[in-house]
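Here is the structure we will look at, set down as structure tokens.
When a ligand or atom number is given, it counts from 1 through the structure's own listing order. What you are looking at is a predicted structure, and each value in this text was computed from that prediction instead of being measured. Position 1 is the first residue of the sequence; numbering continues from there.
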Amino acid sequence: MGLFITFEGPEGSGKTTQIQRLADRLRQAGQPVLTTREPGGTAIGDQIRAVLHDLRNRAMDPRTEVLLYAASRAQLVAEVIRPALARGTIVLCDRYTDSTLAYQGYGRGLDLETLRRMMDFATGGLKPHLTLYLDLPVEKGLARKREALQRGEGEWNRLDQEDVAFHQRVRAGYHALAAAEPGRWRVLDADRPIEAVQTDIWKAVVPLLERETA
Ligand code: TMP
């Protein structure tokens, strides 16, 4: 069984860059690695992602939203993540169930226990071995995202449109989730140079690799 590592964090926290760097480093160390992202990561999931992120879909009910995230995730787990783990691959996933708890639970106010049951159903109970949370003040994250857009990178999606209070609830939610499961989570200050954050990520991953090969 391979290792399943998820990345969480607000907009603009640098998840994509950090995942790419970690994947390169693991490959250099001779490890088989697969990177993927949510929502999406499969042909079906990418179609669901387009509906979820479409700025015209302002009328989307929070329940519709959560079911679409769950549907995309169910497909990703079945088609990509479980088979890769079964081959002994290290899977690095950009967002997973904790995004739903943070955004739809803490952000939108949907019941957390209901969401947990839905996540269990969608994933068949597959949990990450490690969750790396890249923490950043809300305004900084949104500003970084805007700068990236000006460079022609990234996308401005339906959730980015939400007000600062929504993103603040999401961040507080992440902090609560991390505090409730300290064994699985590492909270990293993402308001630092890329290399400094990557060093901390590597420090969190190495003990898991050693345990795998022991
Ligand atoms: P990203 O691809 O830039 O990380 O954007 C994904 C967006 O979708 C981000 O705003 C967070 C949101 N999201 C949820 O609200 N719930 C979820 O379950 C997932 C996976 C993402």
Side-chain angles (χ1 to χ4, degrees), residues 4-20 35-42 44-55 57-58 60-77 79-81 91-112 114-123 126-128 131-136 138-174 177 190:
F4 183 26
I5 302 174
T6 59
F7 286 73
E8 296 287 348
E11 315 306 323
S13 61
K15 286 184 280 96
T16 314
T17 308
Q18 296 295 349
I19 289 172
Q20 232 29 70
T35 62
T36 188
R37 70 159 183 189
E38 281 213 8
T42 62
I44 292 170
D46 284 339
Q47 293 171 61
I48 299 172
R49 180 185 178 96
V51 175
L52 274 165
H53 287 183
D54 192 329
L55 294 173
N57 286 338
R58 266 189 228 103
M60 192 180 295
D61 186 86
R63 287 166 193 251
T64 312
E65 180 176 277
V66 77
L67 287 164
L68 288 173
Y69 280 115
S72 168
R73 182 165 305 134
Q75 191 64 29
L76 183 67
V77 168
E79 192 179 317
V80 176
I81 299 180
V91 177
L92 308 180
C93 191
D94 190 341
R95 299 193 181 280
Y96 191 58
T97 48
D98 299 303
S99 278
T100 305
L101 298 175
Y103 284 83
Q104 282 67 49
Y106 289 92
R108 298 262 190 248
L110 294 180
D111 178 60
L112 286 172
T114 307
L115 293 182
R116 284 201 171 93
R117 283 201 301 279
M118 285 177 62
M119 295 304 100
D120 263 8
F121 175 73
T123 64
L126 181 71
K127 301 231 158 35
T131 297
L132 295 161
Y133 174 58
L134 305 188
D135 190 33
L136 196 65
V138 168
E139 275 91 352
K140 274 210 170 135
L142 291 172
R144 277 198 200 174
K145 185 135 191 187
R146 278 189 212 102
E147 285 161 23
L149 286 167
Q150 277 164 5
R151 293 194 302 269
E153 295 164 19
E155 57 163 27
W156 189 255
N157 68 47
R158 228 170 26 82
L159 283 104
D160 298 326
Q161 302 269 91
E162 291 294 330
D163 60 12
V164 170
F166 172 85
H167 291 288
Q168 262 150 1
R169 286 197 300 281
V170 170
R171 185 177 184 217
Y174 271 127
L177 293 169

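Salt bridge annotation for K127-D120: present, with a cationic side-chain nitrogen under 4.0 angstrom from a carboxylate oxygen.
There is no side-chain donor-acceptor pair under 3.5 Å between S72 and E38. A donor and an acceptor atom, one from each side chain of Q104 and Y69, are nowhere located under 3.5 Å apart.
Formation of a donor-acceptor pair under 3.5 Å by the R158 side chain with backbone atoms of L52 is found in this model. Of the possible polar contacts, one joining the D46 side chain to the G41 backbone as a donor-acceptor pair under 3.5 Å is found.
The single protein non-hydrogen atom nearest to atom 9 (C) of ligand 1 is E11 OE2, 3.6 Å, given as residue, atom name and distance. Of all protein heavy atoms, the one lying nearest to atom 12 (C) of ligand 1 is Y69 OH, 3.2 Å.
Note: an N/O pair closer than 3.5 Å links R49 and ligand 1 by distance alone.
Residue T97 does not touch ligand 1, judged by heavy-atom distances below 4.0 Å. Within the 4.0 Å heavy-atom criterion, both parts of T100, backbone and side chain, lie near ligand 1. Residue contacts with ligand 1, taken as heavy atom pairs separated by less than 4.0 Å, do not involve E155 at all. Contact annotation: for E65 versus ligand 1, there are no heavy atoms closer than 4.0 Å.
Around atom 3 (O) of ligand 1, the closest heavy atom drawn from H167, K145, R37, R95 belongs to K145. Between E38, Q104, R73, E8, it is Q104 that holds the heavy atom closest to atom 16 (N) of ligand 1.
Exactly one residue among R146, H167, K145 makes a side-chain hydrogen bond (donor to acceptor under 3.5 Å, both in side chains) with D160. That residue is K145.
Per-residue contacts place K15 under 4.0 angstrom from the following atoms of ligand 1 (heavy atoms of the residue considered): 4 (O). Short contacts between ligand 1 and N157, defined as distances under 4.0 Å to a heavy atom of the residue, involve ligand atoms 5 (O), 7 (C), 10 (O).
By the 4.5 Å heavy-atom criterion applied to side chains, R169 and V138 are not counted as neighbours.
Taking the six-membered ring where the residue is Trp, F4 and Y96 present perpendicular rings, their angle passing 60° and hence far from 30°.
Distances from ligand 1 to the non-hydrogen atoms of H53 include at least one value under 4.0 Å.
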